[in-house]
2 protein chains.
Amino acid sequence: MTDGIVERSRPRDRILETARDMFHKHGIKGVGVDAITEAAGTNKMTLYRHFESKDELIVECLRANAAKAGAMWDAFEAEFPGDKLAQLHAWVRKAAAMLNADGRGCDMANAAAELTEPDHPARLVIKELKEAQRERLVTLCRDAGIGQAELLADTLSLLLEGARVSVQTVGSEGPSTQFVRMAEGLIVSFRGAAAG
Amino acid sequence: MTDGIVERSRPRDRILETARDMFHKHGIKGVGVDAITEAAGTNKMTLYRHFESKDELIVECLRANAAKAGAMWDAFEAEFPGDKLAQLHAWVRKAAAMLNADGRGCDMANAAAELTEPDHPARLVIKELKEAQRERLVTLCRDAGIGQAELLADTLSLLLEGARVSVQTVGSEGPSTQFVRMAEGLIVSFRGAAAG
DNA sequence: TCTGGAAGTTACAGACCGGTAACACCCTAG
DNA sequence: CTAGGGTGTTACCGGTCTGTAACTTCCAGA
């Protein structure tokens, strides 16, 4: 009922969008292809004409998620053109806002928790996409004039990733409440040591 | 094959231990009760004589995990009696060691990612156990003479939780390599501000 | 030795899963 | 108008899942 993204568009797009939403809410193994196609207002045969398997659909959903995240980064650049430090702070604020938005963590991390087969196709793209995001955050930190850019970027990554799972386990009143405070504090602290 | 904890002990214990191991390795929805009982050298009927459902078995496994974690804390106290700061550093070292031990993250976090039904019995105990662990870490920080004990404890929690999911997504060569460095640095930094 | 309960065995129910086959439909491009 | 490709429909396959019933076997304690 709550899953009903059935706007009229091409079936493939509806399936992809619906699957993204349902995987996010109910987990990957918690959603069957029948449920997806029904919520997408189509049927199983059409799904299998566009995706060769559920695994491929999963991969496409992860890629679509990453594309959306990438668009967010572009929005920061558009909002604060050239001001990398402002973009970094915007990233922190956005991350914090998404933390409290819904109690589900990062789709890639959740997928990695569910899909334990070491050679599952999704594991490859998760690693690939996470590494790309890491690279992007490192670059942003470096361009913001921070000396130990990798260290700050990785620390911010860990904090955010941790905050996401914390929200998922104990809710938004737990340790995740400290995310913004710590992230901002770290940025300031690393800025101070920038000359080094 | 790799799952074969069939030492001769009472069936209930074997089932619990085997289930813990298999849930950890393959995820909860990735393991059926048949597979558990077979690996435990028993059968499904015996499982259902000791646990009223798979969900209850899951809950018991989570509690057993928490008990093992609690024993680890006791070991710190035994190793460094009264020296809370040494215990805190031991906690960091132990956490780091476990990070690289296996590529699977925290069982509770993984369970929370898999079991999305908001009223699933496991979600209650996950929250309860995580909150207990948080309390314990806060107490340890406070007893170690750290002023902003809650802030440090929560930050360390987020870092560890994040490191665990990072290992699960990009492997042990990713941002998680910075965990010890950041954790130790934070402890030193908070110690310095202890007088405040 | 006898007995009672725990454990093992086999079979099954009912539901759901991913994936496929065969066929009818509809809408648009020519 | 017509041809053809994308789509919808129905039914099905083989497998797996949680959970149960009915029965046998085993073993420890009295």
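The chains referred to below are lettered A, B, ... by the order of the sequence lines, with proteins before strands, and numbering in each begins at 1.
- Put simply, CD on Glu38(A) is 15 Å from C1' on dC17(C), counting in whole angstrom units.
- To the nearest angstrom, P of dA7(C) lies 10 Å from CG of Asp13(B).
- Distances shorter than 4.0 Å separate some side-chain N or O of Thr46(B) from OP1 or OP2 on dG8(C).
- The distance from atom CD1 of Ile15(A) to atom P of dG6(D) is 14 Å, rounded to the nearest whole Å.
- Classification of Glu161(B) and Arg164(B) as a salt-bridged pair holds, one side-chain N sitting under 4.0 Å from a carboxylate O.
- Salt bridge Glu77(A)/Lys84(A): present, at least one basic N to carboxylate O contact under 4.0 Å.
- With sequence neighbours left out, Asp74(A) forms a salt bridge (charged side-chain N to carboxylate O under 4.0 Å, His left out) with Arg136(A).
- Which of dA21(C), dG19(C), dT20(D) sits closest to the side chain of Ser53(A) comes down to dG19(C).
- The 5' end of DNA chain C is approached more closely, in terms of each residue's nearest nucleotide, by Ile28(A) than by the other of Ile28(A) and Met45(A).
- Distance, Glu56(B) CD to dG19(D) C1': 14 Å, rounded to whole Å.
- Checking dT9(D), dG18(C), dG8(D) against every side-chain atom of Arg49(A), the shortest atom distance belongs to dG8(D).
- Side chain of Asn43(B), nearest nucleotide from dG19(D), dG19(C), dT9(C): dT9(C).
- Look at His50(A) and you won't find any side-chain N or O under 4.0 angstrom from OP1 or OP2 of dG6(D).
- Proximity of Thr42(A) to the phosphate of dG8(D): a side-chain N or O atom is located under 4.0 Å from OP1 or OP2.
- If you check dA21(C), dA7(C), dG19(D) against the side chain of Pro11(B), the one that comes closest is dA7(C).
- Contacts with DNA chain D (heavy atom under 4.0 Å) in residues 29-37 of chain A: none are found.
- At whole-Å resolution of the value, CE in Met22(B) and P in dC17(D) are 10 Å apart.
- Salt bridge status for Glu17(B) with Arg20(B): present, with a side-chain N to carboxylate O gap under 4.0 Å.
- Contact record, Thr155(A) with Leu151(A): OG1-O, 2.6 Å, taken as the closest heavy-atom pair.
- Contact check on Asp21(B) versus Lys25(B) returns a salt bridge, with a Lys/Arg side-chain nitrogen under 4.0 Å from an Asp/Glu carboxylate oxygen.
- Of the candidate nucleotides dT9(C), dG19(D), dG8(C), dG19(D) has the atom nearest to the side chain of Lys44(B).
- A straight line from OH of Tyr48(A) to P of dT10(D) spans 19 Å, rounded to a whole angstrom.
- Ring planes of Trp73(B) and Trp91(B): tilted class, angle from 30 to 60°.
- Atoms CZ (Phe51(B)) and C1' (dT18(D)) sit 16 Å apart, rounded to a whole Å.
- Taking atom NE2 on His26(B) and atom C1' on dC17(D), their separation rounds to 17 Å, with Å as the unit.
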